[in-house]
Structure formats: C-alpha cells, structure tokens
Amino acid sequence: MKNNFLELPIPTRDGRFLARYSEKGLAEMDFPNGKAFVAPKRSEGGPAVKTNRVPAQIRDWHRATEVALKNILAGRAAKNLPPLDFSGGTEFQQAVWRELRKISFGKTKSYGEIARRIGKARAVRAVGGACGANPIPVLVPCHRVLAANKKLGGFGGGLDWKRTLLAREGVSL
DNA sequence: GACAGATGAAGGA
DNA sequence: TCCTTCATCTGTC
C-alpha cells in the first residue's frame, strides 16, 4: 500500500468512516473505529474536514462517496459512485471486486455464484479470500455475498455490520 | 513450498 | 436436518 493516500473522514449516524483516496480514485475505506460494528453512542457528527488543501477532484469524489455511503446506510441505492482504485489488489481480486459491484441493491449472491461469474467455478474459497481483502466495503458490496446455504459467511468489518447493511437493504436472511 | 481460509458438496447418523 | 469430511483454488509468508 502506498502512503500518499489522502485520508478523509465521513461522519454518519453510524459512526465515522474513513475514506482514502489515491490519484485514481477511492482506494480504501475503513469502518468506524477501524474495527467491527459498534453501536453509535451519540452523534459523532461534526463538520467533515478542512477541505482547503484537498484537490478539487478529490473533494468531488469525497462528496460522491459521502452521498453514496449515506444513501446505503439509509437503505437507498447509491447512484453515483466515485471512481474506485483497485490497483492495490491482484488480478484475481480485482475480478472478484468488479463482479461484486454488479450485484444490485437489495440482491445477494453466493460465493459460488461469484466464482462461476468470473469463470472459476471451483475457486469459491479464493473468492471468500478476495472478499475479505476488499479495501472498500459497503461501496463494493461484499456484504451482499452469502454462503450457498444463505448463511452469513463472514465479513471483514464484523458480522454485525453485514447483518445491519443487509437489513437496511431489505434483505431478510 | 506449506498453510489457512468469509466455500460447497456429499455422505452418514 | 445436522454434522463431518474432503476437494478445490488463491493469497500470503
């Protein structure tokens, strides 16, 4: 990972997310506190950032990220996403992440389906690994991937987040 | 190389 | 059904 990412917080009522941008687009996103879901105490709100020294382009991306994230958290589909920079991943991971982005709002797929989609039907476990390596959760909807038996499987940000996100999209397990 | 993993399918109780 | 076992593929160390 490079160090020259620009890091900007996104305050939401679910906590403070952290977005990192490269020159190509949104490259990483952290959940509040950088770990598993924690019930928000009170509004962590507050003003976003000092955007003075942020390049205009990244400010645009950040605005799009913020809107998309808040839409998803509010149970609405995200319309405009900023460009995503997947260059930190391997070719296989990028293929999986691209496939994840095609899962529409409120829909789910299994790890096996993703594997078949990218033409590697038996690479199901590897798909799980790629999902876990997903640097941009929520916007790259790894939470919409379930195990074949409709069980949750796992989630890098914590299963509570996965449940929460799916519930807000109206997905019942 | 060896190993672990966010799986899936099959077989047995 | 539920549990266990095993095949399979990729990433990481």
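Here the structure is a predicted model, which is why all the values come from computation and not from measurement. Lettering follows sequence order; numbering is per chain, from 1. Heavy-atom basis, side chains included; hydrogens, waters and symmetry copies ignored.
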A:D14 vs A:R168, test: salt bridge (Lys or Arg N to Asp or Glu O under 4.0 Å). Steps then yes/no. CA-CA 12 Å; A:D14 292 297; A:R168 300 224 176 137; 2.8 Å; yes
Distance-only criterion, 3.5 Å: show the donor-acceptor pairs between side-chain atoms of residues 67-77 of chain A and protein atoms not counting sequence neighbours.
| from | atom 1 | to | atom 2 | distance (Å) |
| --- | --- | --- | --- | --- |
| A:K70 | NZ | A:P11 | O | 3.4 |
| A:K70 | NZ | A:E66 | OE2 | 3.2 |
| A:N71 | OD1 | A:R76 | NE | 3.0 |
| A:N71 | OD1 | A:R76 | NH2 | 3.0 |
| A:N71 | ND2 | A:V67 | O | 3.4 |

Are more than 12 heavy atoms from other residues, nucleotides or ligands located less than 6.0 Å from atom CG of A:N149? yes
Distance under 4.0 Å to a non-hydrogen atom of chain A counts as contact; along DNA chain B, which nucleotides mark the start and end? B:dG5 to B:dG8
Could you check whether any side-chain heavy atom of A:E28 comes within less than 4.5 Å of a side-chain heavy atom of A:E7, counting everything from C-beta outward? no
Secondary structure of DNA chain B in dot-bracket form (Watson-Crick or G-U wobble, distances below 3.5 Å, | marking inter-strand pairs): |||||.|||||||
Categorize A:F92 for me: base, sugar-phosphate, or nothing, with a 4.0 angstrom heavy-atom threshold over every strand shown. sugar-phosphate
Test ring pair (Phe, Tyr, Trp, His ring centres under 6.0 Å) on A:F17 and A:F31 and set out the steps. CA-CA 5 Å; A:F17 288 73; A:F31 281 99; 5.7 Å; yes
Heavy-atom closest pair (A:A19 atom, A:I10 atom, distance to 0.1 Å) is CB-CD1, 4.1 Å
Going 5' to 3' along nucleotides 1-8 of chain C, which nucleotides have protein heavy atoms under 4.0 Å from the base (write B), which only from the sugar-phosphate (write S), and which from neither (write -)? ------BB
Considering only heavy atoms from C-beta outward, does the side chain of A:K107 approach that of A:E169 to under 4.5 Å? no
Can you sort out the partners of A:F86 under ring-ring contact (aromatic ring centres under 6.0 Å, His included), two or more places apart, ordered by chain and number? A:W97
A:E113 (side chain) donor-acceptor with A:S110 (main chain) under 3.5 angstrom: yes
Any donor and acceptor pair, going by atom type alone, linking the side chain of A:R144 with main-chain N or O of A:I103 inside 3.5 Å? yes
So, the side chain of A:K162 versus the backbone of A:G154: is there a donor-acceptor pair under 3.5 Å, distance only? yes
With a 3.5 Å distance limit and no angle check, can you tell me whether A:Q93 reaches the backbone of A:A130 through a side-chain donor-acceptor pair? no
Strictly below 4.0 Å, heavy-atom distances to any atom of DNA chain B: list the hits from residues 99-120 of chain A, or just say none. A:S110, A:Y111, A:G112
